[in-house]
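Read through the structure below, which is laid out as structure tokens, and then see the notes.
We name chains A, B, ... by the order of the sequence lines, and we start the count at 1 in each one.
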Protein chains: 2
Amino acid sequence: MNNAVPSSASRKVTLNDVARLAGVSVATASKALNGRKQVRAETRARVVEAAEQLSFSPNELARSLLADRTGTVGLLTNDLEGRFSIPILMGAEDAFGADSVAVFLCDARGDAIREKHHVQALLSRRVDGLIVVGSRTDPRPSLGRELPVPVVYAYAPSEDPEDLSIVVDNVGAGRSAVDHLVSTGRTRIAHITGDPTYGASQERAEGALAALADHGLSLVGEVRFGSWTESWGRAAASMLLGQHPELDAILCGSDQVARGVMDALREHGRTVPDDVAVMGFDNWEIFTSGARPALTSVDMNFERLGRVAAQRLFAAIDGEPRSGVEALDTRVVIRGSTVPG
Amino acid sequence: MNNAVPSSASRKVTLNDVARLAGVSVATASKALNGRKQVRAETRARVVEAAEQLSFSPNELARSLLADRTGTVGLLTNDLEGRFSIPILMGAEDAFGADSVAVFLCDARGDAIREKHHVQALLSRRVDGLIVVGSRTDPRPSLGRELPVPVVYAYAPSEDPEDLSIVVDNVGAGRSAVDHLVSTGRTRIAHITGDPTYGASQERAEGALAALADHGLSLVGEVRFGSWTESWGRAAASMLLGQHPELDAILCGSDQVARGVMDALREHGRTVPDDVAVMGFDNWEIFTSGARPALTSVDMNFERLGRVAAQRLFAAIDGEPRSGVEALDTRVVIRGSTVPG
DNA sequence: GAAAGTGCCGAAAAGGCTTTCTGCGAACCG
DNA sequence: CGGTTCGCAGAAAGCCTTTTCGGCACTTTC
């Protein structure tokens with residue numbers, strides 16, 4: 001009554017073993033387990049049972065070698081610690097997991113040499129495709145057109161327009177932020193953002209200015225560039241309040257900046273949101289929910305970005321390549337810092 | 001003068017092609033490229049050149065099939081988005097990368113079924129070993145002893161003492177936090193921490209109390225358990241200040257809690273660090289550096305944890321398994337919230 | 001000058017699986 | 001009842017590489 005083969009999981013159960021136990025040839029065993037036609041139901045059952053008894057699991061290496069398709073993809077990131085890679089990676093893993101594809105993770109740490117090396121390693125392991133995740137929205141060098149597998153660039157687009165890149169629509173994000181503020185009745189809006197060398201800060205500002213113009217408004221003061229930190233948010237807000245005490249909303253380039261801004265507002269005796277509305281970008285939950293009141297923010301939908309990238313990669317692997325830059329839209333998550341209550 | 005074989009990277013350059021171009025047999029080509037003896041220098045050169053010309057890269061699948069060793073490991077995490085997995089993962093990737101090992105990443109999202117499935121998938125891809133990263137310090141179920149490859153548990157130990165687990169010494173972390181506070185002259189120390197169901201909060205508190213006893217001190221009030229949030233930090237600190245205005249230091253269970261505590265202190269007119277010292281755990285840079293003043297915190301050395309886990313896995317793969325729980329020590333990172341700047 | 005040794009190269013097997021193709025008995029058709 | 005299908009199983013080739021072993025042409029040794 002007890003399991004006769006307890007050591008089954010020990011090592012190396014091969015199709016041969018299954019076939020022998022079932023009393024058939026390896027060819028038949030293979031066909032039986034893979035649902036091929038050409039095998040009698042009774043025989044199939046015997047093989048399946050033998051496989052279970054031995055807890056057989058086919059060697060994917062051998063299978064891949066033959067099929068010239070491994071069911072693996074490479075995920076090449078450049079800032080594993082970063083805010084962006086992880087959700088994207090999760091989305092991708094999510095999309096892949098459904099189809100039982102495994103992902104090889106590599107972090108090039110921003111080093112081109114390392115990156116080359118990793119690509120080489122991945123190719124020698126015969127991945128079916130590659131997703132390259134950047135750490136900034138600025139375009140990055142292409143891996144080249146001569147690669148034997150499809151590549152999708154996520155977050156940071158490739159410089160080569162022939163490549164396919166999936167990015168976030170930062171201009172649109174800026175627009176929708178302003179739209180939201182205006183819809184809550186704000187008209188004297190200022191903008192404090194981060195590092196001016198980042199494409200993200202420029203594009204968000206561009207979108208915000210465009211939306212203001214559409215509404216017949218203009219920004220209070222200039223766009224304040226600085227760094228992506230709380231302390232910059234505090235400093236900039238203090239300055240701004242001195243120069244433009246009439247403002248009724250501050251759009252911040254990131255949630256961290258927004259946290260600093262809210263700190264400064266409180267110290268200047270301004271209340272949020274009644275007196276001044278505040279909102280950020282990124283919807284980084286640990287910052288938005290810790291704020292008082294909770295921070296309205298533009299969610300960049302990174303997980304979806306990862307999923308879309310994975311889907312596009314699948315399509316390309318299946319012979320339907322695309323190229324160009326595909327920008328995904330964002331969504332405003334409304335919380336207490338822009339609407340009372 | 002130009003490269004004669006531009007399409008080299010296209011598809012499927014095999015050792016056969018190299019051998020043919022070099023005018024030797026595949027056996028000789030293999031030996032030549034792998035630095036085996038038994039091949040004349042001149043012949044070797046010819047092969048190497050042929051390989052370069054075709055930009056040949058050996059099929060690792062075939063190689064692994066033969067060697068019964070893939071040079072890949074599986075990294076099974078349970079909260080990819082979490083604070084812990086990523087640095088551990090980076091440390092592991094770091095340690096592996098040096099020896100050109102590739103890592104398969106899987107996120108089971110805390111689901112046991114999913115986990116089983118991923119383990120199965122990884123085994124069928126013939127990983128050489130597994131690292132299992134937990135999301136909490138509490139012990140987790142073992143994957144079992146019957147696996148055909150070594151397993152190392154990181155952060156969350158396995159329930160089975162026969163397994164090898166690498167964890168953080170949270171008790172020691174609690175001790176060293178108190179030691180630091182005492183060394184700066186604090187004697188009336190309170191402790192606000194997070195979710196009481198987490199082993200981490202219990203162990204850190206335990207270490208803190210032990211260290212206080214060693215110094216002949218006792219805690220101001222009781223340990224305040226709550227949640228790992230800023231708002232809990234604020235609320236608990238306010239209560240605490242009402243009941244024990246004499247306190248001169250608050251040890252916080254996490255950096256987030258500490259941020260909330262500092263907020264509350266400021267609102268109650270207490271200055272940090274002169275009046276009250278504050279410190280946290282985790283040394284999460286985005287929180288510690290944004291605080292005013294910057295927050296002293298206990299760094300859990302997660303990257304090192306990842307590296308050690310990877311090293312232990314290597315050792316086990318090479319036939320030197322260990323078992324039991326290995327606790328790594330932590331370090332206090334001193335900033336302005338405990339010592340005047 | 002024959003026997004033994006050396007240096008290099010290639011044939012072949014192995015690793016685990018899938019697939020094609022062949023073969024064989026049974027069922028069908030006329 | 002002879003011949004054709006049909007259903008099912010097995011033999012064998014192939015995927016790409018490494019490694020063992022045998023063989024060939026030399027050189028060395030008495």
Side-chain angles (χ1 to χ4, degrees), chain A residues 8 10-48 50-51 54-72 100 121 123-128 148, chain B residues 10-48 50-51 54-72 100 120-121 123-128 148:
Chain A
S8 51
S10 55
R11 255 306 197 199
K12 298 170 136 319
V13 181
T14 129
L15 189 59
N16 223 315
D17 304 329
V18 176
R20 198 175 327 125
L21 180 57
V24 299
S25 71
V26 283
T28 306
S30 171
K31 282 182 285 197
L33 293 176
N34 292 323
R36 287 276 165 289
K37 240 28 194 164
Q38 302 201 332
V39 45
R40 198 169 28 167
E42 192 268 335
T43 310
R44 184 188 308 278
R46 229 168 54 237
V47 172
V48 168
L54 300 174
S55 64
F56 167 73
S57 124
N59 187 330
E60 286 295 335
L61 267 57
R63 189 182 282 202
S64 302
L65 187 55
L66 209 45
D68 199 33
R69 199 172 165 295
T70 55
T72 62
S100 77
L123 289 179
S124 72
R125 293 212 151 76
R126 295 302 189 264
V127 292
D128 296 333
Chain B
S10 56
R11 256 304 197 202
K12 297 172 138 316
V13 182
T14 138
L15 189 58
N16 222 315
D17 304 328
V18 177
R20 198 176 327 127
L21 180 57
V24 298
S25 72
V26 282
T28 306
S30 172
K31 282 181 285 197
L33 293 176
N34 291 323
R36 290 273 164 290
K37 235 35 191 161
Q38 302 200 333
V39 43
R40 198 171 26 165
E42 192 266 336
T43 309
R44 184 188 309 277
R46 229 168 53 236
V47 173
V48 168
L54 300 174
S55 65
F56 166 74
S57 127
N59 187 330
E60 287 294 335
L61 268 56
R63 192 181 279 196
S64 302
L65 186 56
L66 209 44
D68 200 31
R69 201 173 163 292
T70 55
T72 62
S100 78
Q120 202 38 244
L123 289 179
S124 72
R125 293 213 153 75
R126 295 303 188 261
V127 292
D128 294 334

If you restrict it to nitrogen or oxygen atoms, what contacts under 3.5 Å exist between nucleotides 23-28 of chain C and the protein, and what is each distance?
none

With sequence neighbours excluded, give me every salt bridge (charged side-chain N to carboxylate O under 4.0 Å, His left out) pair touching residues 27-45 of chain A.
A:Glu42-A:Arg46
Whole angstroms only, please: what is the CG-P distance between A:Asn59 and C:dC17?
6 Å
[X]: side-chain contact (heavy atoms from CB on, under 4.5 Å) partners, not counting sequence neighbours:
X: A:Ala121; answer: none
X: A:Ala62; answer: A:Asn59, B:Leu65
X: A:Ser30; answer: A:Leu15, A:Asn34

Who passes side-chain hydrogen bond (donor to acceptor under 3.5 Å, both in side chains) against [X], sequence neighbours left out?
X: A:Asp17; result: A:Arg20
X: B:Thr28; result: B:Ser25
X: B:Ser57; result: none
X: A:Thr14; result: none

Would you indicate, yes or no, if D:dT18 has its OP1 or OP2 atom less than 4.0 angstrom from a side-chain nitrogen or oxygen of B:Arg36?
no
Using a cut-off of strictly less than 4.0 Å, decide whether B:Arg63 has a side-chain nitrogen or oxygen near OP1 or OP2 of D:dC16.
no
Letter by letter from the 5' end, nucleotides 4-11 of chain D scores (B base, S sugar-phosphate only, - none; protein heavy atoms under 4.0 Å) ----SSBB
Contact residues, residues 15-22 of chain A to DNA chain D [heavy atom, < 4.0 Å]
none
In degrees rounded to 10°, what angle is found between the helical axes fit to the five outermost pairs at each end of the helix from C:dG1-D:dC30 to C:dG30-D:dC1?
60°
